[in-house]
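Comments concern the structure below.
Nothing here was measured: the structure is a model prediction, and the numbers come from that model. Just follow the structure's listing: the first ligand is 1, and inside any ligand the first atom is 1.
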Amino acid sequence: MKFSIKNGNAAKELHDCVILGVYESQELSAAAQQVDSVSDGFLTKILKRGDFDGKLETTLILHDVANVASARVMLVGLGKATAFTEKHYCKAVRASLKALVKSGAKNAVTFLAELTVKKLAAERRVALLVEATLDAHYKFDAIKRKKEKADTINNLLGIDISVASANEITEANAGLAHGEAVASGVSLAKDLGNLPPNVCNPTYLAEQALALGQHYGFKVEVLEREALEKLGMGSFLGVSQGSETPPKFIIMQHLKGKEGEKPVVLVGKGITFDTGGISLKPGAEMDEMKYDMCGAASVLGTFKTIAEMDLKLNVVGLIPTCENMPDGRATRPGDVLTSMSGLTIEVLNTDAEGRLILCDALTYAERFEPSAVVDIATLTGACVIALGHHATGLFSNHDALAHELLRAGETALDRAWHMPMWDEYHPLLESNFADLANIGGRAAGSITAACFLSRFAEKYHWAHLDIAGTAWKSGKEKGGTGRPVPLLTAFLVNRANQ
Ligand code: BES
Ligand code: MN
Ligand code: ZN
């Protein structure tokens, strides 16, 4: 879909559809007032009749409104003017896109970016509008037959975004570029998550990383099993040994910061399918464990976004990726693995595999002398129980880093919630037979998982994002969300601007 920015007149714009906001109090936005006045109060009349109440996310399409050049006028409900936050703004934008797709319009001009949204500048309003529109417009049809593909390809071609004054066009264009960059990373993360696990395996992820690096000109390296053995990544290899598909360790380097600037390292969990291993999972919804590589997908997506933005920062991406399968050679409960750090780990449950692959990647991260390390993982079902599907769980050994990430999540509308990782929780991981056990029991499952990781992250500032509840949706709307690419991008952009 093609966007462009203009400073338009709602009545004179010639498009298939003009999109206008109306508040619940029946108060018309400035652009809606423009249309109302040229059409002799037509919009006011409709509101008086009671056919449109301006409730948030409602829409109404009017045809051939007098003295309006465009064939359709879409009214979009904005809810209460006093409650019109970024979140409501994005909801209204999504609703307008959904209604537009259902209509026969092939192009449109939207005036929603002219609305007052708290204290947001036009640049931010445009970026959010573009992100929300592309997010709502996303379809996964990469592996449907040609015929269905043709049916699902939307014929919506372009949306012009009007801003209230010509002076805002430059900043609005910057917002457009930002929004498109975030959306393309989000879309990549969704695609990788949605692909079936027989396609999106460790080899596929490595190929995607190499292709991204080629396309954008950043360095990508893929370590094979022999190299991982040499590095002593016994914990990661222990997870992968039950699978026919070889493990890969992906290293990406976006080095656009100042010379000598210490990098931010992102580490993504890349289990391309999690059966639980010998501690086999129950059958219900096991297909969703194809999403167990969404941490990796978010790192790849974020790299795509920051590459498109040409972000002036040093960022390293590390992705340990393999399958967790039951097999004659698979790791058993009771096995002890030796991690790259030298710490030995008693595997009490082979389904707690994410931490086993991440811990070696965290040790590997030391060599980059990072300014901060953030790992992203669909790590625990317990995190879903604690926070549901709205907030990502945030754990950190450094409060300032935690707050940076929390703030980034707030501004990106991709929120995280700070969880405790107090000393009191650590003894739950004690083992009689090794330095630590890989599980801490049922209580505080997401916290003990984070405590486990923290033992491998003592040499730098580190945060862990548990995205088990936020990376994908189940049920009728099953699909990847692309989270937390917006959070990570906001975090990195803030760092680059420091
Ligand atoms: N990938 C899962 C976590 C998960 C489960 C995420 C369901 C989203 C939905 C992870 O590898 C896992 O299996 N964790 C176990 C840990 C337990 C054995 C300590 C869990 O959460 O049950
Ligand atoms: Mn598991
Ligand atoms: Zn897992």
Side-chain angles (χ1 to χ4, degrees), residues 193 197 200-202 205 235-236 238-240 242-243 247 267-298 319-327 330-335 337 345-359 361 375-393 395 419 425 428-431 436-453 464-475 478-481 483-484:
C200 184
N201 59 22
L205 284 181
S235 186
F236 176 26
V239 175
S240 79
S243 168
V267 180
K269 172 179 173 183
I271 295 289
T272 61
F273 197 76
D274 182 11
T275 64
I278 297 299
S279 314
L280 194 64
K281 285 182 181 295
E285 281 136 40
M286 207 207 271
D287 68 288
E288 294 191 9
M289 283 298 112
K290 71 175 183 176
Y291 289 110
D292 213 17
M293 35 56 70
C294 281
S298 76
I319 297 176
T321 172
C322 68
E323 291 179 327
N324 186 23
M325 301 291 272
D327 181 77
T331 291
R332 293 157 286 257
D335 281 0
L337 304 174
I345 303 162
E346 185 186 13
V347 180
L348 289 174
N349 188 322
T350 63
D351 198 10
E353 85 298 340
R355 60 198 81 179
L356 296 176
I357 73 169
L358 289 169
C359 68
D375 79 67
I376 307 101
T378 48
L379 202 64
T380 63
C383 192
V384 190
I385 302 304
L387 297 174
H389 299 285
H390 301 291
T392 290
F395 304 81
M419 302 279 280
Y425 292 102
L428 293 168
L429 292 168
E430 281 169 8
S431 158
L436 73 170
N438 81 326
I439 56 169
R442 269 171 57 78
S446 66
I447 299 175
T448 51
C451 287
F452 179 96
L453 294 176
H464 156 60
L465 296 171
D466 193 332
I467 56 167
T470 52
W472 77 91
K473 288 184 182 152
S474 310
K478 192 186 285 184
T481 60
R483 291 179 69 181

- Note on the structure: Looking at D292, the N/O/S atom that lies nearest to the Zn ion (ligand 3) is called OD2
- Name the closest protein heavy atom to atom 1 (N) of ligand 1, giving the residue it belongs to and the distance to 0.1 Å. D292 OD1, 2.8 Å
- Nearest heavy-atom pair of S446 and D466: which atoms, and what distance? CB-OD2, 4.0 Å
- Message: Nearest 0.5 angstrom please: I271 CD1 to E323 CD, how far?
- Response: 9.0 Å
- Note on the structure: among protein heavy atoms, the one nearest atom 5 (C) of ligand 1 is M289 CE, 3.7 Å
- Query: Which of the atoms in ligand 1, numbered in the order shown and given with their element, are less than 4.0 Å from a heavy-atom of N349?
  - Reply: 18 (C)
- Interfacing atoms of ligand 1 (cut-off 4.0 Å, heavy-atom, L379): 2 (C), 3 (C), 10 (C), 12 (C), 14 (N)
- Item | N, O or S of E353 under 2.8 Å from the Zn ion (ligand 3) | yes
- Query: Name of the D274 N, O or S atom nearest the Mn ion (ligand 2)?
  - Reply: OD2
- Item | Of L379, T481, T392, the residue whose pairing with I467 passes side-chain contact (heavy atoms from CB on, under 4.5 Å) | T392
- Might you point out which heavy atoms bring G268 and L358 nearest each other, and give the distance in Å? C-CD2, 4.2 Å
- Look up atom CE in M325 and atom OG1 in T350, then write down how far apart they are to the nearest 0.5 Å. 12.0 Å
- Can F273 be said to touch ligand 1, with heavy atoms closer than 4.0 Å? no
- Closest approach of G479 to Y291 (non-hydrogen atoms, all atoms of both residues): CA-OH, 3.3 Å
- Message: On a heavy-atom basis, which atom in T275 and which in P326 lie closest, and how many Å separate them?
- Response: OG1-CD, 3.3 Å
- Query: Is the closest basic N to carboxylate O distance between D292 and K269 below 4.0 Å?
  - Reply: yes
- Query: Below 2.8 Å, any N, O or S contact between K269 and the Zn ion (ligand 3)?
  - Reply: yes
- Item | Of the listed options I271, T448, D351, closest to atom 13 (O) of ligand 1 (non-hydrogen atoms) | D351
- Message: Is a donor from one side chain sitting under 3.5 angstrom from an acceptor on the other, for E288 and S474?
- Response: yes
- Of the N, O or S atoms in D274, the one nearest the Zn ion (ligand 3): OD2
- Atoms in ligand 1 flagged as close to I439, the criterion being non-hydrogen separation under 4.0 Å: 19 (C)
- atom 20 (C) of ligand 1: closest protein heavy atom, distance to 0.1 Å, is G381 N, 3.8 Å
- Query: the Mn ion (ligand 2) as vertex, arms to OE1 of E353 and OD1 of D351: angle to 10°?
  - Reply: 120°
- Message: Which residue and atom name correspond to the protein heavy atom nearest atom 2 (C) of ligand 1, and how close is it?
- Response: D274 OD2, 3.6 Å
- Message: S279 and side chain to side chain donor-acceptor pair (under 3.5 Å): which single residue from T331, N349, N324 fits?
- Response: N349
- Query: Please state which protein non-hydrogen atom is closest to atom 8 (C) of ligand 1 and give its distance, to 0.1 Å?
  - Reply: W472 CH2, 3.3 Å
- Provide the closest heavy-atom pair for T380 versus A468 in the form atom of the first, atom of the second, distance. O-CB, 3.1 Å
- Message: I'd like to check which ligand 1 atoms, numbered from 1 as shown, lie under 4.0 Å from a non-hydrogen atom of A468.
- Response: 6 (C), 8 (C)
- Task: Provide the closest heavy-atom pair for W472 versus M289 in the form atom of the first, atom of the second, distance.
- Result: CH2-CE, 4.0 Å
- Message: Please report whether ligand 1 has a polar contact with K281, defined as an N or O pair separated by less than 3.5 Å (distance criterion only).
- Response: yes
- So which of E285, E353, R355, K269 gets nearest to atom 16 (C) of ligand 1, if we judge by its closest heavy atom? R355
